[in-house]
Amino acid sequence: MTIPATAVHHRDPSMQAPEYVRKIAPYLPGKPIAELAREFGLAERDIVKLASNENPRGPGPAVRAAIAAAIDDLSRYPDGNGFELKAALATRHRVAADQIVLGNGSNDVLELVTQAFLRPGDHAVYSRHAFAVYPLATQARGAAGIEVAARHFTHDLPAMRAAITATTRVVFVANPNNPTGTWLPPAAIEAFLDGVGDDVIVVLDEAYHEYLDPALQTASAEWIGRHPNLVVTRTFSKAYGLAALRVGYGIMHPKVADMLNRVRQPFNVNGLAQAAAVAALGDTAYVEESRRLNRDGMRALEEGFAALGVTWLPSHANFILVQVGNAGRVYQRLLAQGVIVRPVANYALPEWLRVTVGVAAENRRFLEALATALAG
Ligand SMILES: Cc1ncc(COP(=O)(O)O)c(C=O)c1O
């Protein structure tokens, strides 16, 4: 159905949405492979997508088998309480199952926190160059974000602490952070938690935790005992390779979990996702191999950047920021060569591109295309 422009002009029902919803700038996802293929007349198999921090390996055999087995149950609603997955996660993190809230991606858990804790007039604090969903989820509740200037591209935790006021209900800290790949040591996070009152929910977003060097990995959920206001979020979308299934979780005090569960859709995580996540959690070799592949790919990208004479920001995640000058132009020149990366001007980083680490052949293809793009 085509709606005549005049009808929209005279009676636009979208104007009935609250102003704070109308003012939201929509999330800009990485360009899908099929879209670039259509736009540039390219074959999908010739396109390299390094734009959404996905695991380039595809699902492992254990996950494939679990999904195949779960197909027979597709006509039934999934377990709305996620019993099996929560039990596995509780064992893994040495917490009680009622401390875990499952989400349709960890993004869902971030949304649930804002839904449960923010009301119009409240404030949420987050850093500049931090994950784009924090302002979106905050604005969707009619609350306002306080964006704190970053320090050396990362969270300035003392400044974030100082930005908290009587109307601040939530603080978001991504560690490692997207899109900068920067990482804060546990002592800095703990000092921050010590300085924040228990009446402010602190979301520690650890979507890229599994990509950290194991020597740097901390069981931050253990801090919940001393800090009942702490919510740690993790995801199966990155190192576990399940981005399309949408499954993540938060670990928190049971009373905080109770609040999130009250606003959560009853069946927010589908049955295939739950089955796949249980299998993925048990397949530690897959995660280790993904981390190794990422480390080697990261090194290859850094060597490539050094050879091209461009600056990059050392990263602890599965992506890296590279400074290319006119990033919009370089992005377009990469697209024309069938390579999708992520411009980050919307993160106040107009000279940079964010590149997800791919498999070796993808990284090579990207570096060749970047050399061509920079040569003009
Ligand atoms: C820092 C950070 N947090 C959360 C997410 C959400 O991921 P998902 O909803 O797939 O778990 C992402 C995804 O890019 C991210 O970069």
Side-chain angles (χ1 to χ4, degrees), residues 27-32 49-56 59 63 82 85 89 100-115 124 126-138 140 147 150 153-155 170-184 189 202-212 220 231-251 260 264-265 268-270 272-274 276-277 280-281 287 290 294 313 315-321 340-344 346-347 349 354-357:
Y27 181 78
L28 298 169
K31 197 180 208 35
K49 182 182 177 221
L50 302 173
S52 301
N53 304 341
E54 297 146 336
N55 189 323
V63 162
L85 178 54
L89 288 168
I100 295 169
V101 175
L102 302 179
N104 190 249
S106 60
N107 203 125
D108 191 23
V109 182
L110 303 176
E111 292 276 353
L112 292 174
V113 169
T114 62
Q115 236 173 299
Y126 43 79
S127 174
R128 176 163 303 169
H129 318 310
F131 186 40
V133 162
Y134 308 153
L136 292 179
T138 300
E147 186 184 274
F153 292 96
T154 197
H155 299 65
V170 179
V171 179
F172 292 100
V173 177
N175 202 35
N177 182 44
N178 172 21
T180 58
T182 49
W183 174 77
L184 295 163
I189 307 272
V202 177
V203 178
L204 184 57
D205 178 347
E206 299 188 332
Y208 300 95
H209 172 89
E210 294 80 6
Y211 281 113
L212 279 174
S220 33
V231 173
V232 179
T233 58
R234 298 274 186 95
T235 184
F236 286 94
S237 300
K238 309 298 178 183
Y240 289 101
L242 300 182
L245 283 177
R246 313 303 302 125
V247 50
Y249 59 100
I251 312 172
L260 268 60
R264 180 176 67 80
Q265 275 188 55
N268 63 331
V269 181
N270 73 74
L272 297 187
Q274 290 188 35
L281 198 63
V287 175
S290 297
N294 186 63
L313 207 62
S315 169
H316 288 274
N318 69 334
F319 54 84
I320 184 163
L321 277 185
I340 312 173
V341 297
R342 193 70 157 265
V344 281
N346 57 326
Y347 284 98
L349 296 164
R354 193 193 67 193
V355 186
T356 304
V357 177

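Ligands are counted one by one from 1 in listed order, and the atoms in each one are counted from 1 as well. What you see is a predicted model; the values in this text were computed from it and never measured.
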- Would you mind running through ligand 1 and noting each atom that sits below 4.0 Å from a heavy atom of Asn178? 1 (C), 14 (O), 15 (C), 16 (O)
- Task: Output yes when a side-chain donor or acceptor of Asn177 lies under 3.5 Å from a complementary backbone atom of His129, and no otherwise.
- Result: yes
- Do the ring planes of Tyr134 and Tyr126 sit parallel (below 30°), tilted (30 to 60°) or perpendicular (above 60°)? tilted
- Okay, side chain of Asn178, backbone of Phe131: is any donor-acceptor separation there less than 3.5 Å? no
- Among all protein non-hydrogen atoms, which one is nearest to atom 14 (O) of ligand 1, and what is the separation to 0.1 Å? Lys238 NZ, 2.9 Å
- Which residue holds the protein heavy atom closest to atom 11 (O) of ligand 1, what is that atom called, and what is the gap in Å? Thr235 OG1, 2.5 Å
- Message: Considering non-hydrogen atoms of the protein only, which is the closest contact for atom 12 (C) of ligand 1, and what is the distance?
- Response: Phe131 CZ, 3.3 Å
- Which heavy atom of the protein is the closest neighbour of atom 3 (N) of ligand 1, given with residue, atom name and distance? Asp205 OD2, 2.6 Å
- Residue-ligand contact Ala207/ligand 1, heavy atom below 4.0 Å: yes
- Task: Return the residue, atom name and 0.1 Å-rounded distance of the protein heavy atom closest to atom 6 (C) of ligand 1.
- Result: Ser106 OG, 3.5 Å
- Task: Verify the distance criterion only: is there a donor paired with an acceptor across the side chains of Thr233 and Ser106 at less than 3.5 Å?
- Result: no
- Any N or O on Asn107 sitting closer than 3.5 Å to an N or O of ligand 1? yes
- Message: Closer than 3.5 angstrom, by distance alone: can the side chain of Asn294 be matched with the main-chain N or O of Ala317 as a donor-acceptor pair?
- Response: yes
- Query: So, Asn53 side chain and Lys238 main chain: donor-acceptor pair closer than 3.5 Å or not?
  - Reply: no
- Check for a donor-acceptor pair, side chain of Glu206 on one end and backbone N or O of Val232 on the other, with a separation under 3.5 Å. no
- List the closest protein heavy-atom neighbour of atom 9 (O) of ligand 1: residue, atom name, distance to the nearest 0.1 Å. Arg246 NH2, 2.7 Å
- Query: Counting heavy atoms only, which part of Tyr208 comes closer than 4.0 Å to ligand 1: side chain, backbone, both or neither?
  - Reply: side chain
- atom 10 (O) of ligand 1: the protein heavy-atom neighbour that sits closest, reported with distance to 0.1 Å: Ser237 OG, 2.6 Å
- Task: For the pair Phe319 and Tyr208, name the ring-plane relationship: parallel under 30°, tilted 30 to 60°, perpendicular over 60°.
- Result: perpendicular
